[in-house]
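Right, one structure below, let's go through it.
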Amino acid sequence: MSEPLRPAPLRLGIAGLGTVGIGVLKILRKEAAMLTARTGRDITVTAICARNRGKDRGVPLDGYAWEDDPVTLATRDDVDVFVELMGGSDGPAKAATEAALNAGKDVVTANKAMLAVHGQALAEQAEGAGRVIRFEAAVAGGIPVVKALTEGLAGNNVTRILGVMNGTCNYILTRMQSAGLPYDIVFQEASDLGYLEADPNLDVGGIDAGHKLALLASIAFGTRVAFDDMELEGIGRITIDDIRAAEDMGYKIKLLGVSKMTDRGLEQRMAPCLVPATSPLGQLEGGTNMVVLEGDAVGQIVLRGAGAGEGPTASAVLGDICDIARGFRLPVFGQPADSLRDATPAVSTTPAPYYVRLTLQDKPGALAKVASVLAEAEVSIHRMRQYDHTGGRAPVLIVTHKTPRKALDKALQGMAATGVVEGEPVALRIEAV
Ligand code: NAP
Ligand code: HSE
């Protein structure tokens, strides 16, 4: 009897040998037998590419062909899957991804910036050519949330996605809280620890997390990626006073992403919010990520894990590579790209309770003026706390009942005109989780 035919090896070309790329190479080298057993075929690396050929990367690279140009790597005849681990929304990452698809290769990438900006066009190109683009590592690092949404929850109408998807911001906020340190000091600490992206605004400006949320929203709601429509606010204005005050009212401050489909359109926000301190999101410490998925049939699912780093991110890349090796193929965003709808951005967000911190002058009637401005804007106070005066002024915290953001903005404008509120009040949404 003849031996059954062994499938040909799956041959990878890897562009980018930084944190993620080297993590992927290490797993491929160490776990080759396990990966073959699981997928039924060998997974090999044909060629690699980075900027600096001479750099010691702590892994022997002499068994792989070297290319200086990612496009040349991506289009080699002996590469089946182009693994893009360089980063950047445009430039070589996009050029090489397009070239790989043109040349009939599948693509695995960890690049949320590229997909948040060019995801629709790349998905159309891939599907037109019968190829796949897989991007598990692009969203929440090691957490298999793309798989959870596209596969495990395929039978649900997703009602809401929320989550903490930037570990650096969560590290900064929780470290400010635990050490009682101001933002600037902790930002510097995060920088010294190497946590920040080369452009730190991608992290603290909420952009990196916004990219991730936009990708999940596309899968969840069957809509084209709409990062530009997202309401985006970073953590740079959060002070230690806000963190302490929120804690005193029973909340934690998180850079929280929320996406839901409403009858007014698609709501997408990535902004600092208050969540109950006792909730799973409230208890999330350090650089960990958490994504909460809600579906009409399943209810609520909470996924928690490392959102970054060599091992967790490489784990996600390997999951995608193994799927391709097994012959498992899906449209990029879970349904054919040409069937994704344009998302109408929601013009106003769902009413929510808000936390407002303001500095009030110590004058008779000052609090009454603030209360009257809130009443005129039809914003109802749920809880209020005033602290001791120092130097003729006192911090006041207000938690409102559910109110539309528009009404709150009217009240905030009114406060500025009272003459008894100093500086700009801080207003943060309180998210039900
Ligand atoms: P990284 O450590 O900065 O590595 C980037 C790699 O790309 C380097 O090896 C660099 O070469 C190479 N590269 C850059 N420009 C190139 C070019 N023009 N031609 C050839 N090679 C080029 O980045 P990383 O942290 O591994 O991130 C890679 C991707 O994964 C990004 O899209 C990132 O957003 C995503 N991601 C990262 C993490 C994480 O924890 N790090 C988590 C999730 C997703 P040299 O080494 O020679 O400079
Ligand atoms: N800069 C990201 C974070 C890691 O801090 O979570 C890469 O997605």
Side-chain angles (χ1 to χ4, degrees), residues 13-26 47-59 61 66-74 82-97 99 107-118 135-143 145-146 163-174 187 190-191 193-213 215 234-235 255 257 270 284 286-291 305-317 320:
I14 302 180
L17 301 173
T19 306
V20 186
I22 289 300
V24 168
L25 267 186
K26 282 183 186 168
I48 52 175
C49 166
R51 271 176 304 214
N52 179 355
R53 187 170 186 173
K55 194 163 162 182
D56 178 8
R57 300 175 193 271
V59 175
L61 301 176
W66 178 273
E67 296 285 358
D68 287 320
D69 177 10
V71 171
T72 309
L73 173 100
F82 174 56
V83 185
E84 188 285 302
L85 303 173
M86 296 177 288
S89 61
D90 292 83
K94 176 168 172 270
T97 299
V107 173
V108 174
T109 180
N111 191 335
K112 57 259 168 179
M114 176 176 74
L115 291 178
V117 179
H118 303 293
F135 61 93
E136 185 67 75
V139 185
I143 303 177
V145 60
V146 173
V164 167
M165 300 180 210
N166 184 276
T168 305
C169 288
N170 204 52
Y171 168 81
I172 291 176
L173 293 171
T174 53
F187 176 91
S191 174
L193 287 164
Y195 289 178
L196 288 160
E197 301 272 346
D199 172 4
N201 193 45
L202 289 176
D203 285 316
V204 297
I207 299 162
D208 167 82
H211 285 154
K212 296 167 182 169
L213 182 65
L215 297 177
I235 61 167
L255 177 68
M270 183 57 71
L284 192 71
T288 312
N289 283 197
M290 183 175 283
V291 187
E310 182 183 296
T313 314
S315 157
V317 172
D320 284 343

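Read the numbers this way: they start at 1 and go in the same order the structure lists the ligands and their atoms.
- Heavy atoms of Arg57 found under 4.0 angstrom from ligand 1 belong exclusively to the side chain.
- Scanning the protein heavy atoms around atom 31 (C) of ligand 1, the nearest turns out to be Gly87 CA, 3.6 Å.
- Near Leu85, meaning under 4.0 Å from any of its heavy atoms, are these atoms of ligand 1: 5 (C), 6 (C), 7 (O), 28 (C).
- In this comparison of Ala138, Ala95, Gly311, Ala137, the heavy atom closest to atom 43 (C) of ligand 1 sits on Ala137.
- Counting heavy atoms closer than 4.0 Å to ligand 2, residue Asn289 contributes nothing at all.
- Remark: ligand 2 atoms within the under-4.0 Å shell around heavy atoms of Glu197 are 1 (N), 2 (C), 4 (C), 7 (C).
- Residue contacts with ligand 1, taken as heavy atom pairs separated by less than 4.0 Å, involve Lys112 solely via side-chain atoms from C-beta onward.
- For ligand 1, the atoms closer than 4.0 angstrom to any heavy atom of Ala308 are 40 (O).
- In terms of polar-atom proximity, defined here as any N/O pair under 3.5 Å, Tyr195 makes no such contact with ligand 2.
- The protein non-hydrogen atom at the shortest distance from atom 5 (O) of ligand 2 is Thr168 OG1, 2.5 Å.
- The protein heavy-atom contact nearest to atom 6 (O) of ligand 2 is Gly167 N, 2.7 Å.
- Ligand 1 has an N or O atom lying under 3.5 Å from an N or O atom of Lys55, backbone or side chain.
- Taking 4.5 Å as the limit, some side-chain heavy atom of Asp208 sits within range of a side-chain heavy atom of Lys112.
- Contact annotation for Asn52 and ligand 1: heavy atoms of both the backbone and the side chain come within less than 4.0 Å of the ligand.
- Here is the list of ligand 1 atoms found below 4.0 Å of a heavy atom in Cys49: 20 (C).
- Counting heavy atoms under 4.0 Å from ligand 1, residue Glu310 does not touch it at all.
- A heavy-atom distance below 4.5 Å is found between the side chains of Val24 and Leu85.
- Ligand-side atoms of ligand 2 in range of Ala308: 4 (C), range being under 4.0 angstrom from any heavy atom.
- When each atom of ligand 2 is checked for a heavy atom of Asp203 under 4.0 Å away, the hits are 1 (N), 2 (C), 3 (C), 5 (O).
- Glu84 does not count as a contact of ligand 1, since none of its heavy atoms falls under 4.0 Å from the ligand.
- Residue contact check for ligand 1: Ala15 places no non-hydrogen atom closer than 4.0 Å to it.
- Using a 4.0 Å threshold on non-hydrogen atoms, atom 2 (O) of ligand 1 counts as touching the protein.
- Residue Ala110 holds the heavy atom nearest to atom 30 (O) of ligand 1 of all those in Pro70, Ala314, Ala306, Ala110.
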Apply side-chain contact (heavy atoms from CB on, under 4.5 Å) to the pair Leu73 and Glu84, showing each step before the final yes or no.
CA-CA 10 Å; Leu73 173 100; Glu84 188 285 302; over 6 Å; no
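- Residue contacts with ligand 1, taken as heavy atom pairs separated by less than 4.0 Å, involve Pro92 solely via side-chain atoms from C-beta onward.
- Atoms of ligand 2 found under 4.0 Å from any heavy atom of Lys112 (numbered from 1 in listed order, with element): 7 (C), 8 (O).
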